[in-house]
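Labels below follow one simple rule: chain letters A, B, ... track the order of the sequence lines, proteins then strands, and each chain is numbered from 1. Values below: every heavy atom of this structure, side chains too, minus hydrogens, waters and symmetry copies.
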There are 2 protein chains.
Amino acid sequence: MATIADVAKEAGLSRATVSRVINNYQYVSDEKRFLVQEAMKALNYFPNSSAQKLRSQRTQTIGVLIPVLTNPFFAYLLEGIDRIATDNAYQLLVCQTKYDQQKEIHFLNYLKSKQVDGIILTSIENNWETIAAYTTYGPIVLCNEYSEQTLVPMVRLNQLEGSYLGTCHLIRQGHRKIAYCRGGYMSQLTKDRHAGYKKALTEFGIPYNNDFIFKNVYDLEDGKKVLRDSLAMENPPTAFFAGSDQVATGIVKEAMKQGKSVPGDIAVIGFDDQPIASVVEPALTTIKQPAEEIGYKAMEVMIKSIESELEPNDMDIHLPLQLIVRHST
Amino acid sequence: MATIADVAKEAGLSRATVSRVINNYQYVSDEKRFLVQEAMKALNYFPNSSAQKLRSQRTQTIGVLIPVLTNPFFAYLLEGIDRIATDNAYQLLVCQTKYDQQKEIHFLNYLKSKQVDGIILTSIENNWETIAAYTTYGPIVLCNEYSEQTLVPMVRLNQLEGSYLGTCHLIRQGHRKIAYCRGGYMSQLTKDRHAGYKKALTEFGIPYNNDFIFKNVYDLEDGKKVLRDSLAMENPPTAFFAGSDQVATGIVKEAMKQGKSVPGDIAVIGFDDQPIASVVEPALTTIKQPAEEIGYKAMEVMIKSIESELEPNDMDIHLPLQLIVRHST
DNA sequence: ATGAAAGCGCTAACAG
DNA sequence: CTGTTAGCGCTTTCAT
């Protein structure tokens, strides 16, 4: 593969001039620019990207940490991030953490090795202090997940309001025994959702029942299991607030299979408003999260961070979420 | 950020020795190794990855070209690729082509700029000659999509058999008016699927009807439209072979909405066997593609290519596909 | 507007 | 087993 020196020789010019053409510098005469371009074509030249990165200390690459690619919510988040990245000539290094603390640390170190210009976190596995330590090495932006700090920018939804809205809706439909499904680790997002659920209960004078909290629930199969477990209870819940549409779908499918009617016997409300929410029968009532939009806002903020154009309002961007009422409640 | 020179000075050794420790060279005494490790810790040292790449001419990065991240089939493919990549200390540069020829070319050029060690193609947008020209610059592996050549390794399914199986199933259920839905560009995969559909028709003496071929059909909404369009036909099909579970789901949902019974009035068969196939009511009969497995086979082959350990059998790996009969037929 | 020259930080011969 | 040295290919002052 030809190098910049070969091009310079071919064009009868210096490497510096070739570099100027590559980088669209202004002070190059049209004549020489043409010469360089011809030489590049003739030699089928492409600049070595590692050399460019080493020299310029810029990689034009952003690391995106997501738990799992196959979760549609994160796929849409990524889609949003990618759209803005592509528009601005950035590349994405997709890093699956699989909800693992070690892996998250491993990927955060890409900042130290200058493999990426910045990192977007869509979930948080380690405690905040651990992560905060990395901000010295490059910009970090929180996307979807968040924490109670003002150090790094975040793009987020009012999760407390989301679950509050959903729970209130369930209560207004006459439910008093409302189950709540969540993941494992109590991230700030998880905590806030939980708080919203509790807040609604309290407001309507319904006692909080620990038996109605289902933990480590992530996907469709987990949802099915929740429903089965609930049926084995002495005093089972009549409504379920699920942490995702996948989980909600699992609950609905299993309920139907067990001969229960939805929403007659059991009401279910999801989170996300993914395509699956409209596919399952009955269609899910759910809290719509504008996943793509969160993604592209986050990438916009990341670019601003890199170019030192961050403004105070960029530090905490809130996007609206919305209760979509369908037929599962 | 500290450099290798700083570490060398701190440890009172040469840069070469530090490098040897970083790269786990064998001939380093335990004593010096310890000294180096201490120095690295003390200085919070991380090797600059661009420098390593420039010097070693290896990036440990594979470019994966996929049409869209939000299509679950590709998400699972990517998941499979990522599993093997992670296990072997490779990183993935995820490149969305959005079915665009220019973008595909753009990403293929990462091979020329030595930004990636190899490229996995999960779809093909340009003609094969154009792509073949890039094999000089690094290994290319075809994953899912394929072409009639023996130049680059491919991991694939017998698509012709897949659609043949599905169409035969439909015919045996008594259908004679069978519609077929496909995307836009006639890739080899698309052609083969089409051929399998035709083959089944021919075998059962059913004439091929061009009106029954629906083109540019990709997702759930497209599927709905297909059903509506078909209903407007003078002599509408009674069965649909869809190119994906998304499309099949759209057809089923819209059919129900239009008051048709599935499979009574209209039978539908999908492709992929994604989670959604079991969620929609009635559950989809579909051709199961082992997406994750295709992905990890492809990455295995890629690694072998890079390490020059490719064997003849690696050039064309076939994985089985399977007809899953549920309730939409 | 163009060129000369100095590295960016690292690895890999080679020598000892 | 360890050190010296020569680049990998590029960008960017600093001159002119």
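Of the side-chain N and O atoms in A:Tyr27, none sit less than 4.0 angstrom from OP1 or OP2 of C:dG3. In terms of phosphate contacts, A:Ser19 brings a side-chain nitrogen or oxygen within less than 4.0 Å of OP1 or OP2 of D:dT11. The side chain of A:Ser50 contributes no N or O atom lying less than 4.0 Å from OP1 or OP2 of D:dG9. The phosphate of C:dA1 has neither OP1 nor OP2 within less than 4.0 Å of any side-chain N or O from A:Lys32. Contact between the side-chain N/O atoms of A:Thr17 and the OP1/OP2 oxygens of C:dG3 is found at a separation under 4.0 Å. Between B:Asn23 and C:dT11 there is a side-chain N or O to OP1 or OP2 distance below 4.0 Å.
As judged by a 4.0 angstrom heavy-atom cut-off over every strand, B:Ser56 is placed among residues making no nucleic acid contact. Within 4.0 Å of A:Lys53, counting heavy atoms only, lies no atom of the nucleic acid at all.
Ion pair A:Lys103/A:Glu125 not flagged as a salt bridge, since none of the NZ, NE, NH1 or NH2 atoms sits closer than 4.0 Å to an Asp/Glu carboxylate oxygen. Residues B:Glu79 and A:Lys98 are paired through a salt bridge, judged by an N-O separation under 4.0 Å between the basic side chain and the carboxylate.
Between B:Phe46 and A:Ser14, the one whose closest nucleotide on DNA chain C sits nearer the 5' end is A:Ser14. The residue among B:Arg33 and A:Pro47 whose nearest nucleotide of DNA chain D lies closer to the 5′ end is B:Arg33.
Atom CZ in B:Arg15 sits about 10 Å away from atom P in C:dC8, given to the nearest Å. Regarding B:Lys9, its NZ atom lies at a distance of 21 Å from the P atom of D:dT2, rounded to whole Å. One can place CZ of B:Phe34 at 19 Å from C1' of D:dC1, the figure rounded to the nearest angstrom. Following rounding to the nearest Å, B:Met40 (CE) and C:dG9 (C1') show an atom-to-atom distance of 15 Å. With rounding to whole Å, B:Lys114 atom NZ is found 11 Å from D:dG9 atom C1'. In this structure, CG of B:Asn24 is placed 15 Å from C1' of C:dT11, rounded to the nearest angstrom. As rounded to whole Å, 18 Å separates atom P of D:dA6 from atom CG of B:Leu54. Rounded to whole Å, the distance from CG on B:Asn48 to C1' on C:dT11 is 13 Å.
Which of C:dA6, C:dC10, D:dG3 sits closest to the side chain of B:Leu13 comes down to D:dG3. For B:Gln57, counting side-chain heavy atoms from C-beta on, the closest listed nucleotide (C:dC10, D:dG9, C:dA1) is D:dG9. Counting only heavy atoms from C-beta on, A:Ala51 has its side chain closest to D:dG9 among D:dG9, C:dT11, C:dG3. Distance from the side chain of B:Gln52 is smallest to C:dT11 among C:dA1, D:dT12, C:dT11.
Between the side chains of B:Glu10 and B:Tyr45, no donor-acceptor pair is found at a separation under 3.5 Å. For B:Gln159 and B:Gln188, the side-chain atoms include no donor-acceptor pair closer than 3.5 Å. Side-chain contact, A:Thr122 with A:Asn144: no donor N or O sits under 3.5 Å from an acceptor N or O.
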I'd like a table of atom pairs between the protein and nucleotides 13-16 of chain C - only N or O on both sides, under 3.5 Å - with the distance next to each one.
none

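Two residues are said to be in side-chain contact when any heavy atoms from C-beta on lie closer than 4.5 Å; A:Thr61 and A:Gln115 fail this criterion. Side-chain contact between B:Ile124 and B:Leu142: present, with at least one pair of heavy atoms (C-beta onward) separated by less than 4.5 Å.
For B:Tyr185, the OH atom sits in a packed shell: over 12 heavy atoms of surrounding residues, nucleotides or ligands are nearer than 6.0 Å.
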